[in-house]
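Please read these numbers as outputs of a predicted model, since none were measured by experiment.
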Amino acid sequence: MFAAVTLTRGFTSQVLWCGQVRTIRTRSSTRSASVCWPKKLSRLSTSRKVSWGVCNNHKNADFGHRIDDEQDEFSETYHHDHGDVVVSSKTTSSTSASSLEGLVPGANEGFFVVKVYKTDPSSDFDLKEIETMVEANERDRLELSPKNITVPLALMLLDPDEYPSRSRARKACRKANIMIHRGPLRTDGSGNDEKTVFDSEKCLRARVGDRVFPGDVLAKQVRMGMGGFPVLNHKKPPFDLPVIYEDDHFAIVNKPAGVVVYAQRKGGHGVMTVRAALPFAVQPSKVGTYSTLRRPQPVHRLDKPTSGLLVIAKTKPAMVHLSHQFRDRKVKKTYMAIVNGIPQEPVETTISSKEAYGMGVDVDPDGTQSWQLIDHPLDEKSAVTIWRSVKYTKSLVAEDNYVTLIELKPKTGRYHQLRRHMAWVCQRPLVGDTEYDGGGTTAMQLRGRGLFLCSNRVTLEHPFYTSIEEEADRKNRDMLWTAPDGKVMVTASIGLPEKFESFMMHEEERYEKLAAE
């Protein structure tokens, strides 16, 4: 649900949210912005209470709210004309906050209004202000006038914080996030002079080239969870995609080896992609989830021959938040691999668990294990990998007559970083790495079962939760924990893939059988 009330004062619009007045700057005193804020109950203090309820009305749909903050109280009602289908929502404590009942539908199916921007029908647009945004030749090309400007420029005037540039405003239009209501809103007929009713016949999706006239109302619309995915034009891919963690905002799945995350532009993969399999693997977000993606999307990539944990976003805010975590190297990843031979562990590159933890990787600072540090640039960029040997297994064909199970924790995420570091720096390529194993006799004999590299553990900040209590699923709660700074963290892990265990067992059995002879 969303709650909003606007108190316009000159160049600013003040929004009352949970007893606090928030000021939103506008570029012109002739315009006002009515802003709807996401109602995230978990982010409110316990002294505040927001309650919702539903009742039916045959004429129009009312979106109402009441916010109680100790002794402060304010109420306002938004209305929307649904035509023949009518719902009315008022403020009681019986309705779930995630319900879509009473939200103002947008111009596109599945979208709902979360922000409203009103323009004054009796005032012209401020061309002097627009002159600071657009060059003279561009103003002439767009044929701007005090009574006729483009949607991107109107958004920049009304909400410069969210739309600081024309490119940002145009992007919102292209993503169908802006709706135009031609002319002012109308009253609800109850005697209240406040114009709050949207007329569905006057609503349309705003496009970059559309014009805005004094009196028009702009609205930001976002996709809300409808409890399902759109109809798919392909069948379920013939491979399993186990879900390790999932809530309404994101998921973590176990990608099998040999499957690409995205299809290449030239095609060729058909439905054999993670992206094609996701709608069949993860559950749709619950009805009312804010700004859901049309389909779940991978946040990052794993190479085709690599198996393991892959992070999936189900909402736009989660996609942005998780992408920033990967960009800022806040996501802590752990991989397991098998290398051909025994990798050397020089004293000069050995570090303690405490030192490894201080470098920002997922290591127990009180652990007794020693780690190896690889700080070797790749493609003229810094690349850091921390690793250690876990198990040595005898082999007839491997270098040194051993294959070694190793644990790797990349600090950076360069292209094929782990594979290149082990092959080029440690001189011990991964088993089955056809690109970097050198193609020697032992390497060729170890090929045939694919690449032995698996992402088996990931730790990241939850993109939405501020408290573990927000997660109702007990299975998921086992993967949540609170960091010292109060952030809710998620740690997901899987065991060693079966092919790793069977390969090492097979190599050792072959070696012992020959030795017995």
Assess the residue pair Val208 and Val151 against the criterion (side chain to side chain contact (heavy atoms under 4.5 Å, CB included)); give the C-alpha distance rounded to whole Å, side-chain angles, the decisive distance to 0.1 Å, and a yes or no. CA-CA 6 Å; Val208 174; Val151 172; over 6 Å; no
Arg419/Asp303 under side chain to side chain contact (heavy atoms under 4.5 Å, CB included): CA gap, chis, key distance, verdict: CA-CA 11 Å; Arg419 297 163 63 181; Asp303 295 334; 3.4 Å; yes
Carefully, step by step, assess Phe464 and Thr315 under the rule side chain to side chain contact (heavy atoms under 4.5 Å, CB included). CA-CA 10 Å; Phe464 183 83; Thr315 69; over 6 Å; no
Go through the steps to decide whether Asn148 and Phe213 satisfy the test side chain to side chain contact (heavy atoms under 4.5 Å, CB included), and finish with yes or no. CA-CA 5 Å; Asn148 184 333; Phe213 307 96; 3.6 Å; yes
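The number of heavy atoms from other shown groups lying within 6.0 Å of NZ (Lys304) does not exceed 12. Surrounding CG of Asp240 are at most 12 heavy atoms belonging to other residues, nucleotides or ligands under 6.0 Å away. More than 12 heavy atoms of other residues, nucleotides or ligands sit less than 6.0 Å from atom CZ of Arg327. Counting non-hydrogen atoms of neighbouring residues, nucleotides and ligands closer than 6.0 angstrom, the CZ atom of Arg207 reaches no more than 12 such neighbours. Heavy atoms from other residues, nucleotides or ligands lying under 6.0 Å from CZ of Arg205 number more than 12.
Between Asp120 and Pro214, the shortest heavy-atom distance links the atoms O-CB, 3.6 Å. Contact record, Val113 with Val116: CG1-CG2, 3.7 Å, taken as the closest heavy-atom pair. Considering all non-hydrogen atoms of both residues, Ile312 and Pro296 come closest at CG2-CB, 3.8 Å. In terms of heavy atoms, Lys332 sits closest to Val361 at CD-C, 4.1 Å. Taking all atoms of both residues into account, the shortest heavy-atom contact from Pro105 to Phe112 is CA-CD2, 3.7 Å. The shortest heavy-atom contact between Thr292 and Ser285 is CG2-CB, 3.8 Å.
Here the side chain of Gln417 pairs a donor or acceptor atom with the backbone of Val384 at under 3.5 angstrom. Without hydrogens or angle criteria, Asp379 side chain to Lys381 main chain gives no donor-acceptor distance under 3.5 Å. Although no hydrogens or angles enter the test, the distance criterion places no donor-acceptor pair under 3.5 Å between the side chain of Glu129 and the main chain of Leu157. Without hydrogens or angle criteria, Arg414 side chain to Ser382 main chain gives a donor-acceptor distance under 3.5 Å. Side chain of Thr482 to main chain of Val488: no donor-acceptor pair is present (N/O by atom type, distance under 3.5 Å, no hydrogens or angles).
The shortest side-chain heavy-atom distance between Leu460 and Phe250 falls under the 4.5 Å cut-off. A heavy-atom distance below 4.5 Å is not found between the side chains of Arg223 and Leu293. By the 4.5 Å heavy-atom criterion applied to side chains, Met224 and Phe111 are not counted as neighbours. Using a 4.5 Å heavy-atom threshold, the side chains of Val197 and Leu185 count as separate. A heavy-atom distance below 4.5 Å is not found between the side chains of Val212 and Tyr117. Within the 4.5 Å cutoff, side-chain heavy atoms of Leu480 are placed close to those of Tyr245. Residues Arg477 and Glu469 have side chains in contact (heavy-atom distance under 4.5 Å, counting atoms from C-beta outward). A 4.5 Å side-chain heavy-atom check between Leu153 and Arg211 finds every atom pair outside the cut-off.
Ring geometry for Phe326 versus His300: interplanar angle under 30°, hence parallel rather than tilted (30 to 60°). A perpendicular orientation is assigned to the rings of His249 and Tyr465, their planes being inclined by more than 60° (bins at 30° and 60°).
Note that CG of Leu278 and OG1 of Thr273 are 8.0 Å apart. Values are rounded to the nearest 0.5 Å. For the atom pair CG of Leu155 and CZ of Arg166, the computed distance is 12.0 Å after rounding to the nearest 0.5 Å. Between the CZ atom of Arg295 and the NZ atom of Lys314 there is a distance of 15.5 Å, given to the nearest 0.5 Å. Atoms CG and CZ, from Leu127 and Arg139 in turn, are 8.5 Å apart once rounded to the nearest 0.5 Å. Taking CG from Leu302 and CG from Leu310, the interatomic distance works out to 5.0 Å, rounded to the nearest 0.5 Å. Taking CG of Asp210 as the reference point, atom CD1 of Ile180 lies at 4.5 Å (rounded to 0.5 Å).
Taking a cutoff of 4.0 Å between a charged side-chain nitrogen and a carboxylate oxygen, Glu138 and Arg141 qualify as a salt bridge. Salt bridge present: Asp159 and Lys115 bring a charged side-chain N and a carboxylate O closer than 4.0 Å.
For the side chain to side chain donor-acceptor pair (under 3.5 Å) criterion with Asp216, the lone passing option out of His181, Lys118, Arg182 is Arg182. Each of Lys330, Lys333, Arg457, Lys411 was compared with Asp362 under the salt bridge (Lys or Arg N to Asp or Glu O under 4.0 Å) criterion, and only Arg457 meets it.
Evaluation of the side chain to side chain donor-acceptor pair (under 3.5 Å) rule for Asn108 yields Gln221 as partners, not counting sequence neighbours.
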